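Working notes, beginning with the structure itself.
Since the model is a prediction, treat every value here as computed from it, not as a measurement. For the numbers below, each heavy atom of this structure counts, side chains included, while hydrogens, waters and symmetry mates do not. Chain letters run A, B, ... following the sequence lines, proteins first and then strands; every chain starts at 1.
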Amino acid sequence: MSWVLENLDLIAARTGSHLLQALPPILVALALSLPLAKLANSQGWLRTGVTTTSGLLYAIPSLPLFVLLPGIIGTSVRSPLNIAIALSLYGLALMVPAASDAFRSVSRDVLSSATAQGYAPTARFFQVELPLAGPVLLAGVRVVAVSTISLVTVGGVLGVPSLGMLFVDGFRRGIIAEIAAGVVLTAVLAVLTDALLVLLGRALMPWTRQRSVRRP
Amino acid sequence: MTGNPFLQALAWLAEAAHWSGPSGIPMRTLEHLGYTALGVFVAALIAVPLGLLVGHTGVGKSVAIASAGAARALPTLGLVTLFALLLGIGLTAPLLAFVVLAVPSLLAGAYSAVESADPATVDAARAQGMTEWQILTKVEIPLGVPLIVGGFRGATVQVVATAMLAAYVGNGGLGRYIFLGLTSQDYPQMIAGSLLVIALALLLDLALLLLQRVTAPRGAKTA
Amino acid sequence: MRIHSSRRHLLGAIGIGGVALGAAACGASDPFEEGGDTGGEGGSGSDGGAADSGTVVVGSQAYYSNEIIAELFAQSLEAAGLTVDRQYQIGQREVYMPELENGALDVLPEYTGNLLQHYDSEATSASPEEIHTAADEALPDGLRLLPFADATDQDSYTTTAAFAEANSLTTIADLAGVEEDLKIAANSEFEVRPYGPEGVKEVYGVDVTVVPVEDGGGPLTVQALTDGDVQLADLYTSDPAIVANDLVPLEDPESLILPQNVVPVVSEKVDADAEAAITAVIEALSADDLIELNRQSVEEQSSSADIATAWLAEKGLV
């Protein structure tokens, strides 16, 4: 444990960069998944295609993707953009099917009533459909957040500063406390982010407080 | 090294020499499948009974959900390196990490399988004089099999995509191509290994999806 | 305590906003740089992310020993009045060589033999001087080697004292007489190195199978050897575990294994002053020094910054 106490600065820095890498992809995945899911839901074959592509994306081992993506997008391996895009892809792979389910969970009758009440399409989407899809969307975002925070560690193998670096260094120096600190802090970050999302969900969707949200 | 590494990866896969011997593709794929199966199997021994119990009794529900959530957040590379330092090279360390990876999906599948049974149906079974054990095994489990299989599906796909880490600490599997390709800058080999992992994941996903369809009890609404 | 610090960083992260995209506060393993963070460059910007013209960017491999040497350079450069940006633990050559080539890094400690083979996979063993010259010539334009150190971090075929005695082993050639199947724990790339299974078969007529352990001859590799899971391990000769575990690196009379002297790769950014600061470290760094520095890192778990400060003071270099 003394390693941990003597390296608090290092651990704090790694934790900070870890979060900075994790947050943008989570937001990007959420933002992009909404239009993609709407598009997918508009056609049966598109929906099948999107689900299949998501499965395919998620099955790509992350380490090779981090190494190969720069060759396609023209960055270097350690570029923040490379990590952000790779993590966003994994986030989308989880989030698009979740968002598609979320929008399908909204009753068509409700949407028709909203239209009958005079909601324009945009207003109907933001004021009726999106809030009603909210609980299932939130469940999806929670999975994406936990998965992304865990995946950031893989970049540590390639020299992108994150808690994952503690695994590599601790493994080579045989310092168990260093690896354990990385593992525990990654889990703590994920659990805290998850709790934050639950609170955010309650604040934004007060009507869900009574019944529990079914997780996918 | 010139040319498109993706095309070179296909050429690598097509080379006959890579399809035989102890480091050939069939052997490495079998190892990979073996690690996956073993990890999911051991995880199922723990998670499925526990999930059924929690689903049936409702006891420890929040604890089970919370710990499964936390387990999802544990980075597998960290677990593999940590366990390896404690246990030495070989299969035990990565296997333990795969078990941790597989448990949440299996637990959630088993738990939601039982919970999804219509309370009216369960009450009817109870009224007919069935014991709790009979209710679980004759009503709740048969109705929930597709969800349990769904848990296996999620766990299997996750473990098969992660089983490359076994090669990090002295084992075989398709991870051998990926790590050797990475460390020796032989990207075609690394891509070829990745493609094999993806193909394997998709095949297993499809197989378990079919199993999910087949095991849906007649007359019950599909989950 | 930890929760507080992570919360603080969470708040900081939100404050900085999406623009930073993870660039802040990354990069350095050196605790001194955190907090002040004058560079601000931090993390990973290799795309045109060159620091100010006055700043020398020192990188290291994801290998604690390499990080210590990088830190020796960094502190020596700082003592010479230069500003240093530290970018440590950057994977292996596939990640950092492109960054050296495009100018995102200015100084990185390398090893002569493996560097040469990165550019010329056919390269065979030769004297340290010849390898150094060949590696320098193989480097792309804009990069060059400074003189090499006495300190080496050479791959080796290492076994336990017990196994060496039981089979009367002193050189790699003696392995040919061993009855049992020989397994060697090594990083996966050992498989394709010229001194790997093919090379040792060709030069010494010895058959070995690689058991890949990706810790660069670290504690797990050593444990595999001492537990008897493998008969041999590819340990680096600067590894303090060799002495600590009474291990025997087998002699290599045919010079199968390339010399791996510590050598700085530098960019054009390194001027005469900077070169002098780095070369002073190289001239003082003996093989035993490197083992001792590594020992402090793995046994005393000291940080590279502390280890470097003490050594530079001891040698009178700062």
Please find the pair of heavy atoms, one from [X] and one from [Y], that lie closest to each other, and give the distance.
{"X": "A:I179", "Y": "B:G78", "answer": "CG2-O, 3.5 Å"}
{"X": "A:A187", "Y": "B:L74", "answer": "CB-CD2, 3.7 Å"}
{"X": "B:Y187", "Y": "A:V67", "answer": "CE2-CG1, 3.7 Å"}
{"X": "B:I198", "Y": "A:P61", "answer": "CG1-CD, 4.1 Å"}

Max heavy-atom pair count under 4.5 Å with chain A, selected residue of [options]:
{"options": "B:T162, B:L77, B:V160", "answer": "B:L77"}
{"options": "B:P75, B:A71, B:A199", "answer": "B:P75"}
{"options": "B:V197, B:L202, B:T81", "answer": "B:T81"}

Is it the side chain or the backbone of A:V157 that comes within 4.5 Å of chain B heavy atoms, both, or neither? side chain

Please classify the contact of A:L57 with chain B as side chain, backbone, both or neither, using a heavy-atom distance under 4.5 Å. neither

Could you give the distance from CG (B:L85) to CZ (A:R173), rounded to the nearest 0.5 Å? 12.5 Å

Are A:V143 and B:R72 close enough, and set up right, to give a side chain to side chain contact (heavy atoms under 4.5 Å, CB included), and what steps lead you there? CA-CA 9 Å; A:V143 174; B:R72 274 185 215 276; 5.6 Å; no

Pairs of heavy atoms under 4.5 Å with chain B: top-ranked of [options]:
{"options": "A:G170, A:A59, A:S147", "answer": "A:A59"}
{"options": "A:G164, A:A180, A:S150", "answer": "A:S150"}
{"options": "A:G71, A:A190, A:P64, A:A145", "answer": "A:P64"}
{"options": "A:V191, A:I176, A:T153", "answer": "A:I176"}

Report which part of B:L79 has an atom under 4.5 Å of a heavy atom belonging to chain A: side chain, backbone, both, or neither. both

Structural part of B:L182 lying under 4.5 Å from a heavy atom of chain A: side chain

Kindly indicate whether the side chain of B:M164, heavy atoms from C-beta on, has any atom under 4.5 Å from the side chain of A:L63. yes

